[in-house]
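A short worksheet on the structure shown next.
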Amino acid sequence: MTVSDRTPAHPAWLPPEAFRAIGARRVLVLGDGMLVETVREEITVACARFGGQVRHRQDQAGERFDLVLALTGALPAMPTAADAGHPFLGSDAAIATWQYGWRGAPEALGGEGFVLTRREEVTVVLADEPRGLLYGLFEVVRLGESAFGSGLGAAIHRPAMRLRMINHWDNVDAHPVMGQVERGYAGGSLFWQDGLPRRDLARVQAYGRLLAACGINAATVNNVNVHRAETHLLTDRLGEVAAIARVLRPYGVRVHLSVNFAAPIVLGALATADPLDPAVRDWWASATRRVYEAIPDFGGYVVKADSEGQPGPFAYGRSHAEGADMLADAVAPFGGVVHWRAFVYNHRQDWRDRSTDRARAAYDHFVPLDGRFRDNVIVQVKHGPMDFQVREPVSPVIAAMPATRVAVEVQATQEYTGQQRHICYLGPLWSSVLRFAPHGPDGSTVADIVAGGGGFVAVSNAGADHFWTGHPLAQANLYAAGRLAWQPTADPTALLDEWIGLTFNPATGDDAEPVRRTLHLLMDDSWRTYEQYTAPLGIGFMVRPGHHYGPDVDGYEYTPWGTYHFADRDGVGVDRTRASGTGFTGQYPEPWSQIYESLDDCPDELLLFFHHVGFRHVLHNGSTVIQHIYDTHFAGAERVAEMRQQWHELDGLVDPALFTRVVALLEEQVRSAEEWRDQINTYFFRKSGVPDAKGRPIY
Ligand code: GCV
């Protein structure tokens, strides 16, 4: 699926036509700075294409504009009543200035916010900082013609989260098993090829634009599993990171680096990486100083420590707080942060040992450390307690560390959700995580908690593939990740609609309305469809070990990885109750602690995550567990076959290359969904001996 560097990448949600409404108008851009230049350039290109005009000054009184994008600091002095007749200031900016009064209260807009308003037929974007202006521009792009209609209300836009981050799991070298991008399904890395940095960074620049246009402002460029070559990105290969940072900087995206906790040994020839050893601390301090000399706006470090074989502080009898704080001290003088991942568990568990529960691990390791992390440490928590399964409860860690900055991590790369061969729009899953209220409906949501300092992190699904994401429709996941980080209360279906509107554009020959309708049919519920034909009722895994694609019900059952379903002839599921199981339910505050503990109250979709039940256990939906398994698997696979048919209705209505790619992928999705259906149904029929009430084929 990878194409050569020279093939222009698919424009994704920024086709030139998306700028038509702006590019056909008279535009004034006021302000200075690198990101304001980016805004100017975007508008200049659009105006050259669509016949509009862009100005950088208002030279003559009486000169009118359709769109003004201005930094507040570049506006002439506070307008007075005498300015009332002024063509621009006397109307929109003045009104907006007075209305929102941010000059008196600069925090109202913040470094990334903007005001968007329209009065007297001028659309105005005002921001205190260049980043705000850039985001304001992309909001106008999203709105298209409606940004210039009388219906546009005045509003302040600000991101809910300060840190809106993408983590790449890219390696410099191709790994013999994982390939170049760990869990990557979109071709090679955008940054490296054949062990060397890509010489032409035009794709990286295009990527930066796409990230900015959906609101992402930070990116790690390398895998959290930091192998040997990648360890050197911190020192002698730092220039490669600096080059990427240079290209992403004009789009407001700061670069962060995944680092190897043992770097002082690997790179510094020290005998130890003990975080309390003064020589180790000095080593990190000077390595970090050099990083900031090369990349003054460097974001900081991301660390996977003591997890799946990565080195960490445990080797020295130190805690994760001691490890994280040591790195935090190194980046603190420069304003950097450390994202310290909470994905720490025993991956060498004995499957015979029923008392060890991987779901408990992050909480058991990290919650006792609450309050012991420096202010510039962010504990980065996967959204569920296991590992990015199609259905998991929200991780209890998120609500349990009130004295720590916590970020929530989601996986845009579809490791466990179809590997970008299946259509699986993840916006609804992430939205349900962000809206989850750990203390009940009157308490804070996950979004509130992470907005308090940690932010939102998505593992990237993008690569060197022409369509960026392997499956062209998986672009929507990257887009939604950025948009949800900006506005976690946004309706994921509305975000999908935005993505469709930008990407499938009538001006490129796409017939917009049927495309919109069909894509909603295919994508709105695709996460639930995927759930229907894969592992049932929250149990998770059941995937082929290693590559994690396709069904293998017992593939992980007798392994050290801690991911078990415990099916026998009578029933299935993991007893995680306090009463008789691993006690994991006790990691939740009320009301969830009680809801998950109770067989009666536990939501159906998580039943097997929390309880071991008999096959004839009756769900809230009235069906038995076994019949529900059969019904959902038949329904899911049937739905995918319908999706394939629905996609064919778009033949001739969308870009032919994209159409053909999706045709091929849907063939695979149909095949795979049938495989899942038949293996899961057959497995449970053979275990339970209970036939399908509807007599459908089971093997
Ligand atoms: C980067 C899962 C994946 C690994 C990944 C790990 C992590 O275990 O299968 O490939 O490693 O999560 O998030 O660190």
Side-chain angles (χ1 to χ4, degrees), residues 165-186 189 219-231 233 256-261 301-312 314 320 323-324 338-349 358-359 361-362 365-366 378-390 392 395 397 407-420 426 433 456-463 481 534-535 540-550 552 555-556 559-564:
M165 188 186 227
I166 285 292
N167 281 180
H168 279 264
W169 286 355
D170 294 18
N171 299 311
V172 171
D173 293 316
H175 185 274
V177 181
M178 294 288 176
Q180 191 185 10
V181 179
E182 181 152 349
R183 311 307 180 186
Y185 312 103
S189 165
T220 54
V221 293
N222 65 309
N223 190 0
V224 289
N225 291 327
V226 188
H227 307 295
R228 199 160 186 97
E230 295 76 15
T231 302
L233 294 172
H256 298 235
L257 196 64
S258 298
V259 291
N260 181 343
F261 193 79
Y301 298 136
V302 173
V303 189
K304 172 175 176 178
D306 292 318
S307 167
E308 299 183 333
Q310 293 298 299
F314 285 166
H320 278 249
V338 171
H339 286 80
W340 190 271
R341 295 177 85 231
F343 184 61
V344 177
Y345 70 99
N346 176 8
H347 71 289
R348 298 211 175 91
Q349 181 180 332
R358 172 167 161 179
H365 283 297
F366 282 88
I378 293 167
V379 172
Q380 185 168 314
V381 184
K382 288 193 182 187
H383 69 79
M386 295 297 280
D387 197 5
F388 300 134
Q389 299 306 291
V390 67
E392 289 187 46
S395 167
V397 178
V408 64
E409 179 183 317
V410 304
Q411 203 184 34
T413 194
Q414 291 172 236
E415 177 178 1
Y416 295 103
T417 50
Q419 301 201 348
Q420 283 142 254
L426 294 166
V433 169
F456 183 87
V457 181
V459 181
S460 169
N461 61 353
T534 57
F541 288 89
M542 301 191 168
V543 288
R544 275 278 141 94
H547 58 59
H548 295 171
Y549 186 74
D552 186 345
Y556 273 114
T559 70
W561 292 93
T563 51
Y564 314 121

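For ligands, and for the atoms within them, numbers begin at 1 and follow the listed sequence. The structure displayed is predicted, hence computed values, not measured ones. Side chains included, hydrogens not; waters and symmetry mates left out as well; all remaining heavy atoms used.
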Identify all N/O pairs between ligand 1 and the protein with a separation under 3.5 Å and present them as a table of atom names and distances.
from: ligand 1; atom 1: 8 (O); to: Glu308; atom 2: OE1; distance (Å): 3.4
from: ligand 1; atom 1: 8 (O); to: Glu308; atom 2: OE2; distance (Å): 2.8
from: ligand 1; atom 1: 8 (O); to: Asp387; atom 2: OD2; distance (Å): 3.1
from: ligand 1; atom 1: 9 (O); to: Arg183; atom 2: NE; distance (Å): 3.0
from: ligand 1; atom 1: 9 (O); to: Arg183; atom 2: NH2; distance (Å): 3.0
from: ligand 1; atom 1: 9 (O); to: Glu415; atom 2: OE2; distance (Å): 2.5
from: ligand 1; atom 1: 10 (O); to: Glu182; atom 2: OE2; distance (Å): 2.5
from: ligand 1; atom 1: 10 (O); to: Arg183; atom 2: NE; distance (Å): 2.8
from: ligand 1; atom 1: 11 (O); to: Glu182; atom 2: OE2; distance (Å): 3.1
from: ligand 1; atom 1: 11 (O); to: Asn225; atom 2: ND2; distance (Å): 3.1
from: ligand 1; atom 1: 11 (O); to: Lys304; atom 2: NZ; distance (Å): 3.3
from: ligand 1; atom 1: 12 (O); to: Lys382; atom 2: NZ; distance (Å): 3.0
from: ligand 1; atom 1: 13 (O); to: Arg341; atom 2: NH2; distance (Å): 2.7
from: ligand 1; atom 1: 13 (O); to: Lys382; atom 2: NZ; distance (Å): 2.6
from: ligand 1; atom 1: 14 (O); to: Lys304; atom 2: NZ; distance (Å): 2.6
from: ligand 1; atom 1: 14 (O); to: Arg341; atom 2: NH1; distance (Å): 2.8

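- Of the possible polar contacts, one joining the Gln180 side chain to the Ser189 backbone as a donor-acceptor pair under 3.5 Å is found.
- Using a 4.0 Å cut-off between charged nitrogen and carboxylate oxygen, Arg228 and Asp173 do not count as a salt-bridge pair.
- Asp170 and Asn222 form no side-chain donor-acceptor contact under 3.5 Å, judged by distance and modelled atom types alone.
- Test Tyr185, Tyr556, Phe541 against Tyr416 for ring-ring contact (aromatic ring centres under 6.0 Å, His included) and you get one pass: Phe541.
- Ring centers of Phe261 and His320: at least 6.0 Å apart, outside the cut-off.
- In this structure, Arg358 satisfies the cation-pi test against Tyr345, with its NZ or CZ atom closer than 6.0 Å to the six-membered ring centre and inside 45 degrees of the ring normal.
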